[in-house]
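Below is one structure, written out as structure tokens; the observations come after it.
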Amino acid sequence: MDRLPEGCISEILSLTSPADVCRSSLVSNLFKSAADSDLLWEKFLPVDYQRIISRAFYPLLSVTTLSKKELYNRLCDDPLLIDGGRKSFQLEKCSGKICIMLGAKELAIAWGDNPYHWHWRSYPGSRFAEVAELQWVCWLEIRGKLETRLLSPNTFYAAYLVLKLEHPYGLDNEAIKAKVEVVGGNSSACSEERAIYLHARGEHSSSDAMLEGQYFARERGDGWMEVEMGHFYNKGGGGINGGGEVHMSVLEIERGRCKTGLIVQGMEVRPMLET
């Protein structure tokens, strides 16, 4: 192996994953130079990463001075606001797969333009300029959609509602319907309509038997909560049969009970963890 040229070693390493490359460079000095090369890390970046960066809401002034490894790590660690600041783009660090979050302004929220029902404001810790704060509604309907061509091909994805609850009423102990479906293209939805809860597991439930087949919100590690709405497989391909959309929805429109205390940052689509 020590006689192989660096370019050949980089080519071999590119067939693994970013996580494998980082481990191999720690184990052997043989791989260290190749493991830091632009030739290698450019292969872990999305094919159209330059076009994605050109859509940044705030220009990346230092992008031309970064090595490809530094750029990769930056896109993993710091979500990039794109498309007028209404979406964020990020890479999953271990695999390099694409993650996208739709900010609340990119979602279709019933009564969202009525200040008596929803209030739009900045919020500490949100990656977007504005979040949607529920004042009161009886009809809760939040929908989002995203082109599957923007995601990594041949990848299982999960979709999440990213939220906070502040003095909730009508939401903290009620099941809400969520659905993820793929329309058009050659990707496929893998989950049925499900019941979700916007509070954490066990917070308001007296019996674990009540939890089977239900989905509860959980801490994200960034001060927000998230609840999985569903999942799908993105086959990818941008040809005639590849231009589908993933449609996500959160609905509570049947009971007619007043609801308040929900803060929505957005909906995030990211690769499912391998088990």
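Between V180 and A159, the shortest heavy-atom contact is CG2-CB, 3.9 Å. The shortest heavy-atom contact between R127 and S88 is NH1-OG, 2.9 Å. Of all heavy-atom pairs spanning L91 and G96, the tightest one is CD2-O, 3.6 Å. When every heavy atom of P79 is checked against every heavy atom of D77, the shortest pair comes out as CD-O, 3.7 Å. Smallest separation of non-hydrogen atoms from E92 and P271: CB-CG, 4.4 Å. The two atoms that bring Q265 and V131 nearest to each other are CA-CG1, 4.2 Å, heavy atoms only.
Pairs engaging residues 82-109 under the ring pair (Phe, Tyr, Trp, His ring centres under 6.0 Å) rule: none recorded [sequence neighbours left out]. Note on residues 245-255: pairs passing side chain to side chain donor-acceptor pair (under 3.5 Å), not counting sequence neighbours, are E174-R255, K177-E254, E245-H247, E252-K259.
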Start with the C-alpha gap between V269 and F232, add the side-chain angles, then the distance that decides, and say whether side-chain contact (heavy atoms from CB on, under 4.5 Å) holds. CA-CA 10 Å; V269 177; F232 64 97; 3.8 Å; yes
Going through the checks in order, is the side-chain contact (heavy atoms from CB on, under 4.5 Å) test met by L140 and L251? CA-CA 6 Å; L140 180 68; L251 302 171; over 6 Å; no
Salt bridge (charged side-chain N to carboxylate O under 4.0 Å, His left out) evaluation trace for R121 with E133: CA-CA 8 Å; R121 67 182 182 94; E133 182 179 16; 2.6 Å; yes
Worked check of side chain to side chain donor-acceptor pair (under 3.5 Å) between Y72 and E42: CA-CA 8 Å; Y72 178 91; E42 184 152 24; over 6 Å; no
Can L75 and L45 be said to form a side-chain contact (heavy atoms from CB on, under 4.5 Å), step by step? CA-CA 9 Å; L75 292 175; L45 290 166; 4.1 Å; yes
Would you check, one step at a time, whether the test side-chain contact (heavy atoms from CB on, under 4.5 Å) holds for K164 with M225? CA-CA 6 Å; K164 279 181 179 283; M225 302 283 288; 5.6 Å; no
Between K69 and D38, is a salt bridge (charged side-chain N to carboxylate O under 4.0 Å, His left out) present by the stated rule, with each step listed? CA-CA 7 Å; K69 182 178 180 180; D38 280 356; over 6 Å; no
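The distance from atom CD1 of I98 to atom CG of L150, rounded to the nearest 0.5 Å, is 8.0 Å. For the atom pair K68 NZ and L40 CG, the distance stands at 12.0 Å (nearest 0.5 Å). Note that CG of L161 is 6.0 Å distant from CE of M229, once rounded to the nearest 0.5 Å. Within the model, atoms CG of L163 and NE2 of H199 stand 11.5 Å from one another, a figure rounded to the nearest 0.5 Å. Within the model, atoms CD1 of I52 and CG of L80 stand 8.5 Å from one another, a figure rounded to the nearest 0.5 Å. One finds the CG atom of L146 at 5.0 Å from the CD1 atom of I100 (value rounded to the nearest 0.5 Å).
A salt bridge is absent between K179 and E193: the closest approach of a Lys/Arg side-chain nitrogen to an acidic carboxylate oxygen does not fall below 4.0 angstrom.
Partners of Q90 by side chain to side chain donor-acceptor pair (under 3.5 Å), not counting sequence neighbours: none found. For F128, there are no ring-ring contact (aromatic ring centres under 6.0 Å, His included) partners, not counting sequence neighbours. For the side chain to side chain contact (heavy atoms under 4.5 Å, CB included) test, residues two or more places apart in sequence or in another chain that qualify with A158 are Y160, E228, H231, M272. For Q50, there are no side chain to side chain donor-acceptor pair (under 3.5 Å) partners, not counting sequence neighbours. A search for side chain to side chain donor-acceptor pair (under 3.5 Å) contacts involving D78 returns nothing, not counting sequence neighbours. For the side chain to side chain contact (heavy atoms under 4.5 Å, CB included) test, residues two or more places apart in sequence or in another chain that qualify with F57 are L81. Residues passing the side chain to side chain contact (heavy atoms under 4.5 Å, CB included) test with A108, sequence neighbours excluded: R143. Partners of T260 according to the side chain to side chain contact (heavy atoms under 4.5 Å, CB included) rule, which considers only residues two or more places apart in sequence or in another chain, are Y169. Every side chain to side chain donor-acceptor pair (under 3.5 Å) that E268 has, sequence neighbours left out, goes to R220, R270.
A donor-acceptor pair under 3.5 Å is absent between the side-chain atoms of Y123 and the main chain of V264, judged by distance alone. Using modelled atom types, one side-chain atom of T155 and one backbone atom of P153 make a donor-acceptor pair closer than 3.5 Å. Side-chain atoms of Y58 do not come within 3.5 Å of backbone N or O of I82 as any donor-acceptor pair. Without hydrogens or angle criteria, N234 side chain to S152 main chain gives a donor-acceptor distance under 3.5 Å.
The aromatic rings of F216 and Y197 sit parallel, their planes meeting at an angle under 30°, below the 60° perpendicular limit.
Side-chain N/O atoms of E226 and W224 include no donor and acceptor closer than 3.5 Å.
The neighbour count for E166 CD, taken as heavy atoms of other residues, nucleotides or ligands under 6.0 Å away, is above 12.
Following chains of ILVMFWY side-chain contacts shorter than 4.5 Å, one cannot reach M248 starting from V183, and the two form parts of different hydrophobic clusters. Under the 4.5 Å side-chain heavy-atom criterion for ILVMFWY residues, a single connected hydrophobic cluster contains both I53 and L151.
With contacts defined as side-chain heavy-atom distances shorter than 4.5 Å, the pair K105/E130 qualifies. Counting heavy atoms from C-beta outward, L165 and I263 have side chains that stay 4.5 Å or more apart.
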Distance-only donor-acceptor pairs under 3.5 Å for side chains of residues 111-119, two or more places apart:
unit_1 : atom_1 : unit_2 : atom_2 : d
N114   : OD1    : Y116   : N      : 2.9
H117   : ND1    : W136   : O      : 2.7
W118   : NE1    : A110   : O      : 3.2

